[in-house]
> 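Here it is: the structure, laid out below.
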Amino acid sequence: QVQLVESGGDSVQAGGSLRLSCLVSDYASSRYCLAWFRQAAGKEREGVAFLGTGGTSTYYADSVKGRFTISRDNGKTMLYLQMNSLKTEDTAMYYCAAVSSTYSTGSQCVRKSYKYWGQGTQVTVSA
């Protein structure tokens with residue numbers, strides 16, 4: 001069973017940048033779709049970035065495309081979300097998530113039902 005631990009959340013001003021990290025235990029690179037989700041107060045959870053099982057194919061929600069980048073390290077134990085040009089509407093609790101999968105592209109990972117979740121890390125963007 002994979003375990004996920006996020007870190008890196010903080011309070012920043014609009015226009016700033018943050019990098020979220022997620023420690024992924026028991027991680028075999030070819031076995032999991034990985035993703036970042038977020039949930040703002042009073043809103044539904046939203047998937048913002050997805051990484052295919054091969055580790056290179058990605059998919060982004062329109063709300064973050066061009067500003068956020070999902071990636072993993074070569075050791076395959078860390079998942080990252082680089083967030084640039086942050087907006088106040090990016091304020092949310094951010095979660096990393098994983099699901100075991102056969103080979104899937106980033107876009108295919110969007111439709112998966114994610115089984116493993118971290119505890120979340122708070123990102124607050126002020127005007």
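Every heavy atom of this structure was used, including side-chain atoms; hydrogens, water molecules and symmetry mates were not. Because the structure is a prediction, the values reported are computed rather than measured.
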> By the disulfide bond (SG atoms under 2.5 Å apart) test, which pairs, at least two apart or in different chains, include something from residues 44-101?
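Only Cys22-Cys96 qualify under disulfide bond (SG atoms under 2.5 Å apart).
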
> Hey, could you give me the OG1/CD1 distance between Thr58 and Ile70, rounded to the nearest 0.5 Å?
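Between atom OG1 of Thr58 and atom CD1 of Ile70 there are 8.0 Å.
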
> Scan side-chain atoms only and decide if Ser101 and Lys112 contain a donor-acceptor pair under the 3.5 Å cut-off.
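Note: Ser101 and Lys112 side chains meet the donor-acceptor criterion.
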
> When hydrophobic residues are tied together by side-chain contacts of less than 4.5 Å, even through go-betweens, does Tyr95 share a cluster with Val125?
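In one cluster: no.
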
> Return the set of residues passing salt bridge (charged side-chain N to carboxylate O under 4.0 Å, His left out) with Arg67 (not counting sequence neighbours), or none when no residue passes.
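Checked Arg67 against salt bridge (charged side-chain N to carboxylate O under 4.0 Å, His left out); matches are Asp90.
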
> What salt bridge (charged side-chain N to carboxylate O under 4.0 Å, His left out) pairs are there with at least one residue in residues 40-49, not counting sequence neighbours?
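Output for this query lists Arg38-Glu46.
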
> For Lys65, check salt bridge (charged side-chain N to carboxylate O under 4.0 Å, His left out) against everything at least two apart and list the hits.
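Once residues adjacent in sequence are excluded, the partners of Lys65 under the salt bridge (charged side-chain N to carboxylate O under 4.0 Å, His left out) criterion are Asp62.
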
> Could you check if a side-chain atom of Gln39 sits within less than 4.5 angstrom of a side-chain atom of Tyr94, using non-hydrogen atoms only?
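A side-chain contact is absent here, since even the closest heavy-atom pair is not under 4.5 Å.
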
> Could you measure the distance from the OG atom of Ser11 to the CD atom of Gln122? Nearest 0.5 Å is fine.
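Separation between the atoms: 7.5 Å.
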
> Are Val12 and Val48 grouped together when hydrophobic residues (ILVMFWY) are joined by side-chain heavy atoms under 4.5 angstrom apart?
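Shared cluster, yes.
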
> Give every residue pair that meets the ring pair (Phe, Tyr, Trp, His ring centres under 6.0 Å) criterion with at least one member in residues 46-79, sequence neighbours excluded.
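Of all non-adjacent pairs touching residues 46-79, those that pass ring pair (Phe, Tyr, Trp, His ring centres under 6.0 Å) are Phe37-Phe50.
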
> Do Val123 and Asp10 touch side chain to side chain, with heavy atoms closer than 4.5 Å?
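Contact flag for Val123/Asp10 side chains = no.
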
> Is there a path of hydrophobic side-chain contacts, each under 4.5 Å between heavy atoms of I, L, V, M, F, W or Y residues, that connects Tyr116 with Leu20?
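Yes, because Tyr116 and Leu20 connect within a single hydrophobic cluster, where side-chain heavy atoms sit under 4.5 Å apart.
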
> Answer whether the closest heavy-atom distance between the side chains of Cys109 and Tyr114 falls below 4.5 Å.
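They are in contact (side-chain heavy atoms under 4.5 Å apart), so the answer is yes.
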
> In residues 79-87, what donor-acceptor pairs under 3.5 Å come from side-chain atoms, sequence neighbours left out?
{"unit_1": "Gln82", "atom_1": "NE2", "unit_2": "Asn84", "atom_2": "OD1", "d": "2.9"}
{"unit_1": "Asn84", "atom_1": "OD1", "unit_2": "Ser17", "atom_2": "OG", "d": "3.0"}

> Please indicate whether Gln13 has more than 12 foreign heavy atoms, meaning atoms of other residues, nucleotides or ligands, lying under 6.0 Å from its CD.
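It does not: Gln13 CD has 12 such atoms or fewer within range.
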
> Does any part of the side chain of Gln119, heavy atoms only, come nearer than 4.5 Å to the side chain of Val5, both counted from C-beta?
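Yes - at least one pair of side-chain heavy atoms lies under 4.5 Å apart.
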
> Counting C-beta onward and ignoring hydrogens, is there a side-chain heavy-atom pair between Thr53 and Tyr32 closer than 4.5 Å?
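No - every pair of side-chain heavy atoms lies 4.5 Å or more apart.
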
> Does Ser104 reach the main-chain N or O of Thr102 with its side chain, forming a donor-acceptor pair under 3.5 Å?
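Yes.
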
> Check for me, please, whether Trp117 and Met93 land in the same ILVMFWY cluster - side-chain distances under 4.5 Å, paths through other members count.
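Hydrophobic grouping puts Trp117 with Met93.
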
> Between the side chain of Thr121 and the main-chain N/O of Glu6, is any donor-acceptor distance below 3.5 Å?
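No; zero donor-acceptor contacts below 3.5 Å.
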
> Would a 4.5 Å heavy-atom cut-off, applied to side chains only, mark Val2 and Val24 as touching?
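Side chain of Val2 against side chain of Val24, heavy atoms only: contact under 4.5 Å found.
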
> Nearest 0.5 Å, please: how far is OG in Ser57 from CD in Gln108?
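So the gap between those two atoms works out to 8.0 Å.
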
